Amino acid sequence: MPGKQANLFPFNDVDALAPALRSHIIACQNAGITRHNVFKIGVSGGSLPSTLAQALLAEPTSEEDKVQFDKWEIFFADERAVPLDHEDSNYALVKKELLDKIPAGWGQPIVHPINTEFLNDTQELADQYEQVLVNSFAKGDSVKLPIFDLLLLGSGPDGHTCSLFPGHPLLRETDAWVAPIEDSPKPPPKRITLTLPVITHSVRIAFIATGAAKKDIMKQIFEEGNGLPCALVNEATGERCSWFTDNAAVEGVAYPRRGFL
Ligand SMILES: O=C(O)[C@H](O)[C@@H](O)[C@H](O)[C@H](O)COP(=O)(O)O
């Protein structure tokens, strides 16, 4: 694997993983605020929002341990082409698991859901969400790519991340920041997703992968350069990429494990 390798931080369980994930997110938050007075983060669906809430809604242990939600700008790394109150909506999931539970006085993040006017045209839906990113990241300048402060990603059992699936032509998309997919192997089929160039240009990337069901794919992601979307992100981002896992998900994975400082 070229260059520095991704960080792999295994923990006994999610209860042990959550405080470390919080610490990592707060470090990325503080760096983002120092850089441009805002923390621009992209989040995924699946099991991530629940783990994210466990990490972020814990009582701060110090002033430095505070989540400054009023400085947060939340985007979706991928989203399903469904209404915002639909059971398949990542926005609905993040709202239920996290946003609705943020205590008063902790501040409220700016959140960018998809524009559901365009649900019937996934290309329009993707273009409109890309414009949301342009308005936030470019502000009239012509920037080549948005640079997120942190992307929180999941890893599917087939090695997909966001809505980028193994062998899918979308993996070769190099111009669009946000792309539509209408044949997602993971239902529902119609979605939009950040593209690989956007993902790999994030300042930091953190994957959260837990459970024994992930151990086979984790071996493939970490042991062979096989073009799996998660492996492509690892190889393109090196030490900017960290994996927060439990021991069950990395059983048998021969890869340098780091103690989370
Ligand atoms: O919208 C989605 O479906 C998710 O963004 C997707 O990419 C998810 O992160 C992976 O499928 C892992 O999901 P689990 O963590 O639930 O296994």
Side-chain angles (χ1 to χ4, degrees), residues 9-11 13-14 17-18 21 25 41-55 74-98 111-114 116 119 122 125-126 129 148 150-168 170-171 173 178-196 198-200 202 205-222 228-234 241-246 248-251:
F9 299 123
F11 297 87
D13 52 29
V14 173
L17 179 154
L21 178 61
I25 292 171
I41 180 172
V43 300
S44 297
S47 64
L48 182 122
S50 166
T51 305
L52 180 61
Q54 185 172 343
I74 299 177
F75 301 81
F76 290 86
D78 68 334
E79 179 59 292
R80 293 81 177 283
V82 296
L84 297 183
D85 59 357
H86 190 281
E87 63 177 0
D88 284 341
S89 163
N90 285 343
Y91 169 80
L93 183 60
V94 172
K95 184 175 185 297
K96 177 169 78 74
E97 295 290 344
L98 173 63
V111 184
H112 295 290
I114 55 170
T116 52
L119 288 182
T122 46
L125 190 65
Y129 206 67
F148 283 90
L150 175 63
L151 286 176
L152 294 176
L153 305 180
S155 167
D158 59 355
H160 81 260
T161 192
C162 299
S163 291
L164 298 174
F165 292 88
H168 199 284
L170 261 189
L171 288 174
E173 174 58 55
V178 182
I181 178 171
E182 302 222 332
D183 57 353
S184 167
K186 176 180 180 182
K190 293 188 176 183
R191 297 148 167 255
I192 62 169
T193 183
L194 295 183
T195 57
L196 210 49
V198 172
I199 295 167
T200 58
S202 181
I205 297 99
F207 282 95
I208 292 85
T210 57
K214 296 287 170 76
K215 70 178 179 184
D216 292 340
I217 196 64
M218 290 294 278
K219 280 169 72 75
Q220 292 180 56
I221 290 166
F222 280 92
L228 291 172
C230 289
L232 294 174
V233 174
N234 269 1
C241 185
S242 296
W243 285 74
F244 292 81
T245 72
D246 60 8
V250 291
E251 184 190 330

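One-based numbering, in listed order, for ligands and for the atoms of each. Because the structure is a prediction, the values reported are computed rather than measured.
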Say whether Glu173 and Thr195, considering side chains only, have a donor N or O and an acceptor N or O under 3.5 Å apart.
no
Please name all residues satisfying ring-ring contact (aromatic ring centres under 6.0 Å, His included) with Phe9, sequence neighbours left out, ordered by chain then number.
Phe244, Phe260
All ring-ring contact (aromatic ring centres under 6.0 Å, His included) counterparts of Phe207, not counting sequence neighbours:
Trp243
For the atom pair OG (Ser89) and CZ (Phe76), what is the distance rounded to the nearest 0.5 Å?
7.0 Å
Check ligand 1 for N or O atoms under 3.5 Å from a protein N or O and list each pair with its distance.
{"residue": "ligand 1", "atom": "1 (O)", "partner": "Asp78", "partner atom": "OD1", "Å": "3.4"}
{"residue": "ligand 1", "atom": "1 (O)", "partner": "Asp78", "partner atom": "OD2", "Å": "2.9"}
{"residue": "ligand 1", "atom": "1 (O)", "partner": "Arg80", "partner atom": "NE", "Å": "2.9"}
{"residue": "ligand 1", "atom": "1 (O)", "partner": "Arg80", "partner atom": "NH2", "Å": "3.4"}
{"residue": "ligand 1", "atom": "1 (O)", "partner": "Asn90", "partner atom": "ND2", "Å": "2.9"}
{"residue": "ligand 1", "atom": "1 (O)", "partner": "Arg191", "partner atom": "NH1", "Å": "3.4"}
{"residue": "ligand 1", "atom": "3 (O)", "partner": "Arg80", "partner atom": "NH2", "Å": "2.8"}
{"residue": "ligand 1", "atom": "3 (O)", "partner": "Lys186", "partner atom": "NZ", "Å": "2.9"}
{"residue": "ligand 1", "atom": "3 (O)", "partner": "Arg191", "partner atom": "NH1", "Å": "3.3"}
{"residue": "ligand 1", "atom": "3 (O)", "partner": "Arg191", "partner atom": "NH2", "Å": "3.4"}
{"residue": "ligand 1", "atom": "5 (O)", "partner": "Gly45", "partner atom": "N", "Å": "3.1"}
{"residue": "ligand 1", "atom": "5 (O)", "partner": "Asp78", "partner atom": "OD1", "Å": "2.7"}
{"residue": "ligand 1", "atom": "5 (O)", "partner": "Asp78", "partner atom": "OD2", "Å": "3.1"}
{"residue": "ligand 1", "atom": "7 (O)", "partner": "Cys162", "partner atom": "N", "Å": "3.4"}
{"residue": "ligand 1", "atom": "7 (O)", "partner": "Cys162", "partner atom": "O", "Å": "2.6"}
{"residue": "ligand 1", "atom": "11 (O)", "partner": "His160", "partner atom": "NE2", "Å": "2.7"}
{"residue": "ligand 1", "atom": "11 (O)", "partner": "Lys186", "partner atom": "NZ", "Å": "2.8"}
{"residue": "ligand 1", "atom": "15 (O)", "partner": "Ser47", "partner atom": "N", "Å": "3.4"}
{"residue": "ligand 1", "atom": "15 (O)", "partner": "Ser47", "partner atom": "OG", "Å": "2.6"}
{"residue": "ligand 1", "atom": "16 (O)", "partner": "Ser47", "partner atom": "N", "Å": "2.8"}
{"residue": "ligand 1", "atom": "17 (O)", "partner": "Lys214", "partner atom": "NZ", "Å": "2.7"}

Contacts of Thr210 that satisfy side-chain hydrogen bond (donor to acceptor under 3.5 Å, both in side chains) - sequence neighbours left out:
none
For Leu151, which of Thr161, Val43, Ile199, Ile41 qualifies under side chain to side chain contact (heavy atoms under 4.5 Å, CB included)?
Ile199
